[in-house]
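Input: a single structure, listed below in structure tokens.
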Amino acid sequence: MAGHDLPEGFRYLPAYLDRPAQEALVEDVRAVVAAAPLYVPQMPKTGKPMSVRMTNCGSLGWVTDREGGYRYQERHPATGRPWPAIPAVLLQIWKDVSGYPAPPQACLVNFYDGDARMGLHQDRDERTFAAPVVSVSLGDQCLFRIGGTARGAPTRSFRLSSGDLVVLGGESRLSFHGVDRIFPGTSTLLRNGGRINLTLRRVDS
DNA sequence: TAGTAACC
DNA sequence: CGCG
């Protein structure tokens, strides 16, 4: 069977960041995590832990827990402090690829160990969908899956590698997407392995 | 339903 | 065992 078409507005920019740029960005992420420690997010209502560990930078961060559900908030749920600033390199990437006049408000940092996955979902907790979601991959490769704007629509899968960028704009802004698996040992960027995904978002128009 | 698991 |  031939593959399905990718959704309109979906852009895949392989090897967008070279190795030195990836290394510099990892240092920025380490600083973010030092100020805003990774935590285990919980599913709404059930409290089931997700397999990724998570933190944010920016004026707003995406969080989820049993009681409050999916939301954006100004402070780290464990420390109560404001999120650290989005690193300058990421602000520049957003300028270069988003086509949106205002800077990102949120940068979600997801850390995947070798067993972590992310089920098919939509990013729809923002108050505007006018801006794209820009995603940066660092570390081990993953199997990424993207479908349409309806839950049951056909999906396509492909590998994302360290330094790749994905832009979910246009119709693809509300496409279901997820991470089916990590391929451990496929990158030397992170000493202890794993994958980091950074997603830049605009929450308000 | 941003989770998990069984099944083909 | 990997993928859908």
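When reading the values below, keep in mind they use all heavy atoms of this one structure, side chains included, and skip hydrogens, waters and symmetry mates. Convention: sequence-line order gives letters A, B, ...; per-chain numbering from 1.
Across all strands, A/N197 comes closer than 4.0 Å to no nucleic acid atom at all (heavy-atom distances). Within 4.0 Å (heavy atoms only), A/M118 reaches at least one base atom of the nucleic acid.
Alongside A/L120, the hydrophobic cluster contains A/F176 (criterion: ILVMFWY side chains under 4.5 Å).
In this structure A/Y12 satisfies the ring-ring contact (aromatic ring centres under 6.0 Å, His included) test together with A/F158, sequence neighbours excluded. Qualifying salt bridge (Lys or Arg N to Asp or Glu O under 4.0 Å) partners for A/R71, counting only residues two or more places apart in sequence or in other chains: A/D65. Judged as a side chain to side chain donor-acceptor pair (under 3.5 Å), and not counting sequence neighbours, the contacts of A/T188 are A/R19. Listed by chain and residue number, nothing satisfies the salt bridge (Lys or Arg N to Asp or Glu O under 4.0 Å) test with A/R124 (two or more places apart in sequence, or in another chain).
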Validation: residues 101-110 of chain A side-chain donor-acceptor distances under 3.5 Å, sequence neighbours left out:
residue: A/Q105; atom: OE1; partner: A/V203; partner atom: N; Å: 2.7
residue: A/Q105; atom: OE1; partner: A/D204; partner atom: N; Å: 2.7
residue: A/Q105; atom: NE2; partner: A/D204; partner atom: OD2; Å: 3.1

Tell me which donor-acceptor pairs under 3.5 Å the side chains of residues 35-50 of chain A have, and how far apart each pair is, sequence neighbours excluded?
residue: A/Q42; atom: OE1; partner: A/R66; partner atom: N; Å: 3.4
residue: A/T46; atom: OG1; partner: A/K48; partner atom: N; Å: 3.2

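Remark: the backbone N or O of A/H177 is paired with a side-chain donor or acceptor of A/H121 at under 3.5 angstrom.
For residues 163-184 of chain A, the set of pairs meeting the salt bridge (Lys or Arg N to Asp or Glu O under 4.0 Å) definition, not counting sequence neighbours, comprises A/E126-A/R173, A/R145-A/D180. Residue pairs meeting the salt bridge (Lys or Arg N to Asp or Glu O under 4.0 Å) criterion with at least one member in residues 73-102 of chain A: none, sequence neighbours excluded.
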Contact list (N/O, under 3.5 angstrom) for nucleotides 4-8 of chain B vs protein:
residue: B/dT4; atom: OP2; partner: A/R117; partner atom: NH2; Å: 3.3

Could you write out each protein N or O paired with an N or O of nucleotides 1-4 of chain C at a distance under 3.5 Å?
residue: C/dG4; atom: OP1; partner: A/S157; partner atom: OG; Å: 3.3
residue: C/dG4; atom: OP2; partner: A/S157; partner atom: OG; Å: 3.1

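If you check residues 56-80 of chain A against DNA chain B, the residues with a heavy atom closer than 4.0 Å are A/W62, A/Y70, listed by number.
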